[in-house]
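Worksheet: the structure to be examined is printed underneath.
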Amino acid sequence: MAPTDAYARIYAVVRRIPRGRVATYGQVAEAAGLPGRARQVGYALHALAGGTAVPWHRVVNAAGRVSARAMPGDELRQQQLLEREGVGFEGGRISLPRFGWRRRGAR
DNA sequence: GCAATGACGCTCT
DNA sequence: CAGAGCGCCATTG
């Protein structure tokens, strides 16, 4: 019952995502120290419940798309937030190679 | 403790 | 390039 530890780790990673960029669940999971547990990252964000200072809207799936949530319309809001930060959507999809978060100095 | 679900990812068609 | 199916792991009931 103390998954909060892993959750806090995920939140910390999401928090370090620079504005105008998006990270995939798998990437966040790996950065959080949970390789292969991308699904749990989604769980953690779902448990977020709003009110938390975590830019969860910067987290998208590997398809570069916003994952379907329980509340329809909320994903629309996430897309709008990303566009507002400078992320460009292509056909409703984000160009991960272009806006994908790159915590490596590579570029 | 067992079974089902889930903000996902990858491979094949 | 796009769409569909299968797999992996943790959380919840």
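Proteins come first, then strands; the chains are lettered A, B, ... in the order of their sequence lines, and each starts at number 1. As the structure is a prediction and not an experimental result, all values here were calculated from the model.
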To the nearest 0.5 Å, what is the distance between CD1 on A:Ile17 and NE2 on A:His57? 9.0 Å
Most 5' of A:Arg93 and A:Gln40 on DNA chain C, judged by nearest nucleotide: A:Arg93
If I take atom OH in residue A:Tyr43 and atom P in nucleotide C:dG13, what distance separates them, rounded to the nearest angstrom? 10 Å
Provide, to the nearest angstrom, the distance between the OH atom belonging to A:Tyr25 and the C1' atom belonging to C:dC8. 17 Å
Tell me the interatomic distance from A:Leu82, atom CG, to B:dA7, atom P, rounded to whole angstroms. 18 Å
Checking contacts here: which listed nucleotide (C:dT11, B:dC10, B:dC8) is nearest the side-chain heavy atoms of A:Ser67? B:dC8
Are A:Arg39 and C:dT11 close enough that a side-chain N or O sits under 4.0 Å from OP1 or OP2? no
Closest listed nucleotide, where the reference is the side chain of A:Arg37 and the choices are B:dG9, C:dC9, B:dA7: C:dC9
Quick one: closest heavy-atom pair of A:Trp56 and A:Arg69, and the distance? CZ3-NE, 4.5 Å
Rounded to whole Å, please give me the gap between CZ in A:Arg65 and C1' in C:dG3. 12 Å
Distance check needed: B:dG6 C1' versus A:Met71 CE, whole Å only. 17 Å
Nearest-angstrom distance from the residue atom NE2 of A:His46 to P of C:dC9: 23 Å
OH on A:Tyr43 to OH on A:Tyr25, rounded to 0.5 Å: 13.0 Å
For the pair A:Glu90 and A:Arg98, find out whether any cationic side-chain nitrogen is under 4.0 Å from an anionic carboxylate oxygen. no
How close or far is atom P of B:dC8 from atom CD of A:Gln27, stated in whole angstroms? 16 Å
Tell me what A:Ala68 touches on the nucleic acid: a base, only sugar-phosphate, or nothing, going by heavy atoms under 4.0 Å. sugar-phosphate
Gap between atoms CG and C1', on A:Asp5 and C:dA10 respectively (whole Å): 14 Å
